[in-house]
Amino acid sequence: MTVDMSVKVGNLELRNPVMTASGTFASGREFAEFVDLSHLGAIVTKGVSLNAWSGNASPRIAETSSGMLNSIGLQNPGVEAFIERDLAYLADVDVPVVVNVSGHSLAEYVALVERLDDHPQVNAFEINISCPNVDAGGMAFGTSCVPAAQITEACRAATMKPLIVKLSPNVTDIVEIALAVEAAGADAVSLINTLLGMAIDADTFKPKLARVVGGLSGPAIKPVALRMVWQVSNAVSVPVIGMGGIMTAEDAVEFMLAGASAVSVGTANFVDPTATMRVADGLSEFCRARGIARVSELTGALNTD
Amino acid sequence: MTVDMSVKVGNLELRNPVMTASGTFASGREFAEFVDLSHLGAIVTKGVSLNAWSGNASPRIAETSSGMLNSIGLQNPGVEAFIERDLAYLADVDVPVVVNVSGHSLAEYVALVERLDDHPQVNAFEINISCPNVDAGGMAFGTSCVPAAQITEACRAATMKPLIVKLSPNVTDIVEIALAVEAAGADAVSLINTLLGMAIDADTFKPKLARVVGGLSGPAIKPVALRMVWQVSNAVSVPVIGMGGIMTAEDAVEFMLAGASAVSVGTANFVDPTATMRVADGLSEFCRARGIARVSELTGALNTD
Amino acid sequence: MSCAHDTAEPRRVLEGVSVLSNERVTEGVGLLVLRAPHVASTVRPGQFVHLRIARGRDFVLRRPFSVHRVRGESIEILYQVLGTGTREMSLLEPGAVCDLVGPLGAGWIVPEGLAHALIVTGGLGAAPLGMLAEQLAASGAAVTVAMGAPTAERLVARGLYEDVARVVDVATDDGSAGVHGFVTALSERLLGEHQFDVVYCCGPEAMQRIVAAQAAVAGVACQVSLERLMACGIGACLSCVVSTHSGLKRACVDGPVFNAEEVLWDSSEIPPKH
Amino acid sequence: MSCAHDTAEPRRVLEGVSVLSNERVTEGVGLLVLRAPHVASTVRPGQFVHLRIARGRDFVLRRPFSVHRVRGESIEILYQVLGTGTREMSLLEPGAVCDLVGPLGAGWIVPEGLAHALIVTGGLGAAPLGMLAEQLAASGAAVTVAMGAPTAERLVARGLYEDVARVVDVATDDGSAGVHGFVTALSERLLGEHQFDVVYCCGPEAMQRIVAAQAAVAGVACQVSLERLMACGIGACLSCVVSTHSGLKRACVDGPVFNAEEVLWDSSEIPPKH
Ligand SMILES: Cc1cc2nc3c(=O)[nH]c(=O)nc-3n(C[C@H](O)[C@H](O)[C@H](O)COP(=O)(O)OP(=O)(O)OC[C@H]3O[C@@H](n4cnc5c(N)ncnc54)[C@H](O)[C@@H]3O)c2cc1C
Ligand SMILES: Cc1cc2nc3c(=O)[nH]c(=O)nc-3n(C[C@H](O)[C@H](O)[C@H](O)COP(=O)(O)OP(=O)(O)OC[C@H]3O[C@@H](n4cnc5c(N)ncnc54)[C@H](O)[C@@H]3O)c2cc1C
Ligand SMILES: Cc1cc2nc3c(=O)[nH]c(=O)nc-3n(C[C@H](O)[C@H](O)[C@H](O)COP(=O)(O)O)c2cc1C
Ligand SMILES: Cc1cc2nc3c(=O)[nH]c(=O)nc-3n(C[C@H](O)[C@H](O)[C@H](O)COP(=O)(O)O)c2cc1C
Ligand code: FES
Ligand code: FES
């Protein structure tokens with residue numbers, strides 16, 4: 001039996017539901033020795049901004065129980081360098097490309113989307129309104145409905161391409177934010193970004209991150225991510241891209257059962273550079289073994305009675 | 001060198017900073033074979049309500065990476081049985097007792113505090129406005145400022161005993177809630193309660209908890225807990241009781257460095273029924289080895305430059 | 001039959017233990033022998049230990065296992081590989097050290113003057129009844145055993161029961177040993193043929209429920225051993241509740257052995273895997 | 001000295017490896033020998049491997065270790081026990097299997113026609129220079145080594161260097177071997193006495209910074225190997241940045257070996273423990 005692994009996220013057609021989580025896969029080149037990039041559902045690029053950002057001071061990561069903190073702070077060389085280096089590289093790779101965009105202001109988001117909109121390598125945008133690691137903008141936009149909707153609306157006006165809005169888990173009610181960005185024109189929502197956390201070195205009395213706080217990712221956050229994907233997918237009608245601690249195919253299945261149409265593999269890429277393929281192959285095998293003809297049947301198939 | 005292990009949480013004087021997290025230590029009796037209860041900083045009892053609550057359907061727990069979910073739902077026999085069985089038992093134990101109280105309505109909280117207020121075994125109250133496992137009340141009171149402050153104010157009026165308010169991490173801005181309950185008369189805040197999460201069995205397509213969602217605790221949440229303790233202790237002037245994933249003395253040190261005056265050990269009691277003593281002894285040894293005369297010097301001693 | 005436990009519960013401790021052996025019994029089933037002097041000297045049939053399989057923070061919860069047999073200072077655990085913890089358990093090598101909390105729970109009750117007991121096991125349900133069968137036989141009581149399993153190989157501990165019981169009847173789902181079918185057919189027949197003082201039963205909850213009903217019809221007291229997810233194992237967390245006619249009980253301290261007629265069979269059982 | 005790496009980087013793979021031996025070298029230091037045919041046959045001096053020490057989700061991150069030496073299909077890692085991962089590492093037994101990603105990073109550059117190199121090591125900084133010293137000596141270049149450590153016993157890999165170098169000068173903090181004091185006193189003297197083509201240096205960042213300054217004064221090219229916290233190890237995550245005159249560089253792919261004059265010594269080094 002061959003399993004139909006294709007899924008649709010709005011207008012975006014993916015070979016399989018396994019995408020890369022922004023910031024954990026660069027633009028793919030670094031992983032090309034480990035996985036066949038053209039076998040991915042999509043590459044979601046690292047976050048790009050209009051101008052170059054230098055990110056935060058080091059140390060920028062800390063390991064925690066079943067997780068890690070990062071405070072990279074969206075270091076990137078700006079959109080022009082991104083076009084020259086990353087998109088040029090991706091031109092030769094047969095894979096849908098989702099560009100993750102960030103800004104310090106609404107105007108920056110819009111300028112960025114406009115600059116990238118007619119670029120043929122860009123198949124969709126993921127609007128990052130949930131980065132906990134930048135001072136201006138970032139998560140602040142993603143933790144209340146009004147700015148979240150404003151940014152979505154403005155980006156929506158700037159592109160006809162599929163628009164994914166990436167939500168922050170650091171909120172009282174993620175459903176409210178999801179509904180706001182859906183109403184403002186998002187074609188899909190992706191969640192979750194990292195949980196704001198902190199680590200301390202008891203030996204030195206110092207925070208482990210130079211920035212003190214950072215974003216928690218990895219298996220530790222999977223229960224929170226699953227809960228939010230379930231809540232959001234029950235409330236919105238646009239597709240949900242689920243992520244947060246996916247390490248195995250079973251993890252991906254769980255996110256799909258909770259309501260995700262596609263999933264992203266993040267931190268797992270650091271532990272195992274072949275993780276995306278391992279998850280995609282395992283997902284197909286999972287369906288095959290159970291006689292599930294189309295992987296998309298898993299979406300929302302959670303049995304709650 | 002002997003270390004002065006005593007700490008003060010408002011008017012509450014504790015032999016050492018190690019308390020038990022509500023719901024993980026019952027009222028102490030079950031642990032009496034494993035630890036000398038009179039060596040604890042305080043016993044925080046399991047949540048008690050005015051009338052008996054039967055809790056949620058089973059299964060009520062699920063293991064997650066470095067954590068666990070629970071949806072016990074505050075099962076308890078009600079305050080009268082609590083007085084008869086638990087407080088009577090504690091009358092013979094030389095340890096401060098903090099009673100964790102819950103209600104479905106403001107009136108229930110107040111009635112409960114009033115009922116317990118003149119009981120000599122009760123040294124303080126912990127007002128639980130953050131339980132994610134009950135439908136009416138529970139976390140709903142703890143996720144916005146107005147009800148949080150109202151409950152605090154009403155309980156404050158009902159007792160002169162130290163009043164600790166237990167905060168929910170499932171909020172956009174925990175500082176705002178902490179400030180609200182401080183202004184409403186809380187003598188201390190304790191945090192964090194569990195993060196709302198979910199687990200799914202990929203084999204059966206079913207949620208692992210009968211209630212679908214539950215509260216995440218254990219080492220997985222420590223980074224979030226530390227961050228919140230740090231944020232809150234920098235904002236309020238009342239003492240902070242820190243908890244979330246404390247398994248070792250170093251974990252306890254980290255919470256104190258972040259600003260906690262005392263700490264609570266929760267999930268660790270399930271893995272190791274001697275955990276509270278291990279943490280308390282390790283904390284004293286930590287100070288001794290570093291020439292720290294008073295454990296309270298650790299509070300807020302984080303070096304952020 | 002008295003419902004109260006006749007003697008004081010043995011002291012529960014956190015005991016450091018070491019692996020003496022860990023052998024495969026059959027596909028997916030192992031026998032772990034631990035040096036655990038305190039538990040070995042105090043445990044009573046039907047009690048369990050709460051085992052910490054691996055250090056590290058990966059396994060936040062211990063795993064409950066019945067004590068199958070005791071030999072000197074060692075205890076035997078007969079376990080089935082089901083999930084992450086038991087898989088890790090199957091990799092434990094002799095010499096490995098871990099720890100457990102035990103002995104825990106209320107075990108089987110042996111009524112005064114018991115003359116003939118029926119033991120009914122399904123699959124790994126044979127584990128918690130091993131020590132009981134040995135002790136009953138040693139006390140001179142007659143023991144009849146009905147065992148069920150998917151296949152002949154999976155009739156674990158059959159040897160132990162054949163050594164001590166008067167009769168051991170077996171049933172397998174595939175007919176590879178004994179009667180082709182469920183053990184409940186055996187228990188029904190045996191209850192009709194003989195006069196038992198008590199039925200001791202352990203296995204999948206659905207099977208225990210049927211046996212309990214059969215015993216009730218036959219007018220024989222029946223004890224069952226129920227599995228619940230357990231966090232603390234010592235009565236503090238309320239994760240392991242069982243609905244009974246006298247309210248919610250904790251399987252870890254009020255059970256795992258319950259008087260069958262007390263149990264309100266409900267949906268809180270752990271669903272069988274696969 | 002050319003800054004570009006002269007040959008194509010070897011292919012990086014995820015390689016399953018097994019432990020051949022794991023011996024204590026001195027207090028808190030071990031030598032792990034792994035069977036790793038791919039890395040063994042392709043690694044160049046100064047490159048590293050990203051090791052997954054334990055399965056399970058406890059260690060979410062791999063740990064970077066330089067390849068100290070290569071023998072046939074095996075690689076040697078000289079490691080210091082510092083935290084949770086290296087403690088776990090010290091418990092690995094022969095036969096254990098794990099995996100690594102490698103070979104990674106840009107190694108030491110050997111300029112055309114090198115005649116005399118100075119190697120300066122501090123503590124475990126002796127690890128990533130072992131393979132280089134062997135290869136330089138094999139190519140006929142003269143090698144002078146200055147080693148520093150807290151005590152005589154902690155002069156790890158001293159034997160290797162004595163086998164291949166013309167001179168090995170040592171300094172210890174407690175005077176238990178060689179000069180009483182820091183290795184930077186040795187490097188300063190050696191740079192004054194001899195004409196070197198290049199200085200290769202590894203050790204605590206503060207020490208590397210001093211040696212870099214000494215080399216600059218002496219007008220000798222200097223290469224340093226910088227440690228940074230690393231998540232991916234392959235250039236994707238930007239956790240390992242080093243400030244240089246040409247902007248932020250990634251220690252895992254642009255380094256760990258850097259041309260010392262490129263480095264903007266800053267506060268992003270990993271603070272030494274204790
Ligand atoms: C009192 C008691 C005695 C038991 N005695 C035995 C025995 O002698 N032999 C044996 O093979 N098994 C026994 N079990 C079942 C055994 O505890 C589980 O098979 C085991 O915990 C599964 O762990 P896992 O990590 O492999 O499964 P996972 O599914 O990975 O475990 C996840 C969580 O679910 C719990 N869990 C999963 N299945 C069960 C279950 N059936 N019962 C209780 N908890 C479960 C685990 O303890 C853990 O907390 C007993 C259970 C109880 C309650
Ligand atoms: C390119 C490179 C080569 C190295 N080669 C060696 C070597 O040959 N021998 C050796 O003993 N050590 C070497 N190190 C340092 C080694 O990686 C750390 O000592 C080790 O990761 C500590 O792990 P831990 O779990 O014991 O410490 P923990 O403090 O528990 O680790 C927590 C996290 O911090 C990281 N970390 C802690 N200290 C360091 C450090 N000094 N450098 C990098 N990451 C660190 C860990 O990798 C992990 O991500 C090298 C580091 C780098 C970057
Ligand atoms: C090192 C690192 C960098 C990240 N950078 C970005 C980013 O640039 N843009 C973004 O939207 N999310 C970023 N994230 C968040 C991830 O895309 C993802 O939402 C999160 O890590 C949860 O998934 P995981 O647990 O699988 O890693 C980053 C995460 C990590 C660990
Ligand atoms: C099984 C269980 C039951 C709990 N019951 C309560 C409760 O009754 N009242 C309360 O305020 N918190 C309750 N909590 C939350 C804990 O007190 C604590 O805030 C949380 O578990 C985080 O700490 P930990 O990670 O150390 O467990 C419970 C937690 C668990 C795991
Ligand atoms: S397992 Fe905690 S009460 Fe039974
Ligand atoms: S470790 Fe990821 S970029 Fe260097």
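Residue numbers start from 1 in every chain, and the chains themselves are labelled A, B, ... in the order their sequence lines are given, proteins ahead of strands. What you are looking at is a predicted structure, and each value in this text was computed from that prediction instead of being measured.
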### Query
Is D:F182 atom CZ crowded by more than 12 heavy atoms from other residues, nucleotides or ligands, each under 6.0 Å away?
no

### Query
Under 3.5 Å, side chain of D:R11 to main-chain N/O of A:E33, donor-acceptor pair present?
yes

### Task
Taking all non-hydrogen atoms of both residues into account, name the closest pair between D:I234 and A:E30 and its distance.
O-CG, 3.1 Å

### Message
Any heavy-atom pair between the side chains of D:L229 and A:R60 that's under 4.5 Å?
### Response
no

### Query
What closest approach, in Å, do D:V101 and A:F34 show between heavy atoms, and which atom pair accounts for it?
CG1-CZ, 3.7 Å

### Task
For residues D:V60 and A:S66, report the shortest heavy-atom separation together with the two atoms involved.
CG2-C, 3.3 Å

### Heavy-atom neighbours of D:R24 CZ exceed 12 at 6.0 Å
yes

### Query
Can you check whether A:S58 reaches D:V241 side chain to side chain, under 4.5 Å on heavy atoms?
yes

### Task
Could you tell me which portion of A:F25 (side chain, backbone, both or neither) has an atom closer than 4.5 angstrom to a non-hydrogen atom of chain D?
backbone

### Task
Examine whether an atom of D:R12 lies under 4.5 Å from a heavy atom of chain A, and if so say whether it belongs to the side chain, the backbone or both; otherwise answer neither.
both

### Task
Please round to the nearest 0.5 Å and tell me the distance separating atom OG of D:S239 and atom CG of A:N70.
8.5 Å

### Summary
All heavy atoms of D:C237 vs all of A:I72, minimum pair found to be O-CD1, 3.3 Å

### Query
If you round to the nearest 0.5 Å, how far is CD of A:Q75 from CG of D:L248?
4.5 Å

### Query
Which pair of non-hydrogen atoms, one from D:L61 and one from A:M68, has the smallest distance, and what is that distance?
CD2-SD, 3.9 Å

### Task
List the atom of A:I61, the atom of D:A231, and the distance in Å for their closest heavy-atom pair.
CD1-N, 3.5 Å

### Task
Please test D:R63 against A:E63 for salt bridge (charged side-chain N to carboxylate O under 4.0 Å, His left out), starting from the C-alpha separation and ending with a verdict.
CA-CA 11 Å; D:R63 300 292 191 263; A:E63 194 179 46; 2.6 Å; yes

### Query
More than 12 heavy atoms of other residues, nucleotides or ligands under 6.0 Å from CD of D:Q135: is that the case?
yes

## Note on the structure
Across all chains, not counting sequence neighbours, the side chain to side chain donor-acceptor pair (under 3.5 Å) partners of D:D173 are none

